[in-house]
Amino acid sequence: MITVQDHIAGITPYKPGKPAKELERELGVSPVIKLASNENPLGPSPLAVRALRAALDEGQLNRYPDGGGYYLKAALAQKWGIGPEHFILGNGSNEVIELLLRTFLAPGDEVLAADLTFVVYRLITTAAGRTIREVPLKDHVHDLEGLADAVGPRTRLLFVCNPNNPTGTYNTAGQVASMLKRVPDDVIVVFDEAYAEYATANDYPDTLEILRRRPNTVILRTFSKVYGLPALRIGYGITVPELVDYMNRVRQPFNTNELAQRAALAALADHAHVAQSIAINEAGKGQLAALFDRMGLPHLPTQANFVYVNVGMDGAPVFQECLKHGIILRHIHGDWLRVTVGLEHELTRFGQVLEQVLPILKG
Ligand SMILES: Cc1ncc(COP(=O)(O)O)c(C=O)c1O
């Protein structure tokens, strides 16, 4: 008989989409346009690709990676203006989330997060047999006062996803400051800033400044979004050396691979690629806003590389119909879909499909 702990049996597994090539074959549509995973439609940094080729040519795949991430951390230290001992690298920032939970949550401790945010906080907390309490978004935005209210004696970690996935909304510096006044210093506050490079708001918080004053603060960043390297799985956390030291005790010694480290290092210096990616995102945001306005579909202003849109009917059949036309979206819940900002021609095609299928579905 196969047995498993109840909290594992109760998890709904993350559902990966089919590979684009497989969909193209099944649907007879090519190319499929993927607007589902908040990826960079421009592609990876060319400097990163060049670094990967050079790394392969060196023929060192028989060696273990640099488990300390020496060069990448040195470059990050320079970028952020703090010492390399403030950084922890992860196999995607997802792994840093996992390290935080595994390192700092004792039995009976709990995590606080929003109810509609990055699903991995819930997934990893539940998988670890720990408790997560979720505070509803308020007008689609993290309710930071509500989160501060919800802090209890066993709250150990508090996640603020900023900008928030899937809504694209953000919390201002003022909101964060006012929340922090009320959150005890021993609660580790994690600012997940996977999309921060896309944020243009003047009052987007400077969390590094917060970290300087409040040690139990962690900032999460990733190479999966604006740098265009999600396939390589590399991200990082920034915090005080003491917390890094504890996480290093739990971390697998070679958790980030050599190719990922080298590509990330090159991507970090590719300012032209980052600038172009942001410009494409700004243009695409405008294109999507114009499309949804024309169609009368409510959508939220976004600080990220995706738009949260209300299609005015159950989103599941809308997702399915778009899929049949080779457009992959993400149905979040109810009437709401999340659409990743693509290239101009991809969004034009998406607009044509949506304008075709939605009136038919609505009858
Ligand atoms: C809010 C948020 N944090 C973290 C991640 C994960 O990033 P990584 O690829 O670095 O694990 C994502 C990816 O979609 C995300 O949306």
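Treat the numbers as computed from the prediction; the structure is a model and nothing was measured. Indexing begins at 1, ligand by ligand and atom by atom, following the structure's order.
Geometric assessment of Arg221 against the ring of Tyr236 yields a negative cation-pi assignment under the 6.0 Å and 45° thresholds.
To the nearest 0.5 Å, atom OG1 of residue Thr239 and atom CE of residue Met247 are 6.0 Å apart.
Contacts between Asn165 and ligand 1, counted as non-hydrogen atom pairs separated by less than 4.0 Å, involve the side chain only. Heavy atoms of Ser93 found under 4.0 angstrom from ligand 1 belong to the backbone as well as the side chain. Residue Lys225 touches ligand 1 through its side chain alone, judged by heavy-atom distances below 4.0 Å. Proximity of Tyr195 to ligand 1, defined as any heavy-atom pair under 4.0 Å, is confined to the side chain (atoms from C-beta onward).
Ligand 1 places these atoms under 4.0 Å from at least one heavy atom of Cys161: 1 (C). Less than 4.0 angstrom separates some heavy atom of Arg233 from each of these atoms of ligand 1: 8 (P), 9 (O), 11 (O). The ligand atoms of ligand 1 that sit less than 4.0 angstrom from a heavy atom of Gly92 are 8 (P), 10 (O), 11 (O).
Using a 3.5 Å distance cut-off with no hydrogens or angles, the side chains of Ser45 and Asp270 do pair a donor with an acceptor.
Checked against Glu110 for a side-chain hydrogen bond (donor to acceptor under 3.5 Å, both in side chains), the options Arg156, Arg154, Arg133 give a single hit: Arg133.
Among all protein heavy atoms, the one lying closest to atom 10 (O) of ligand 1 is Thr222 OG1, 2.5 Å. Closest to atom 12 (C) of ligand 1, if we only count protein heavy atoms, is Phe118 CZ, 3.3 Å. Looking from atom 9 (O) of ligand 1 to the surrounding protein, the closest heavy atom is Ser224 OG, 2.6 Å.
The two residues Val32 and Ala20 come nearest to each other via the heavy atoms CG2-O, 4.2 Å.
A salt bridge does not link Lys225 with Glu197: none of the charged nitrogens is closer than 4.0 Å to a carboxylate oxygen. Between Arg63 and Glu58 no salt bridge is recorded (no basic side-chain N to carboxylate O distance below 4.0 Å).
For the pair Gly235 and ligand 1, no heavy-atom separation below 4.0 Å is found. Heavy atoms of Pro230 stay at 4.0 angstrom or farther from ligand 1. Taking a 4.0 Å cut-off on heavy atoms, Asp192 registers as neighbouring ligand 1.
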Item to complete: Mind running side chain to side chain contact (heavy atoms under 4.5 Å, CB included) on His86 and Val244 for me, showing each step along the way?
Response: CA-CA 7 Å; His86 289 81; Val244 170; 5.5 Å; no

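Considering backbone and side-chain N/O of Ser37, none are found under 3.5 Å from N/O of ligand 1.
Under the 4.5 Å side-chain contact rule for hydrophobic residues, Phe191 and Tyr195 do not share a cluster.
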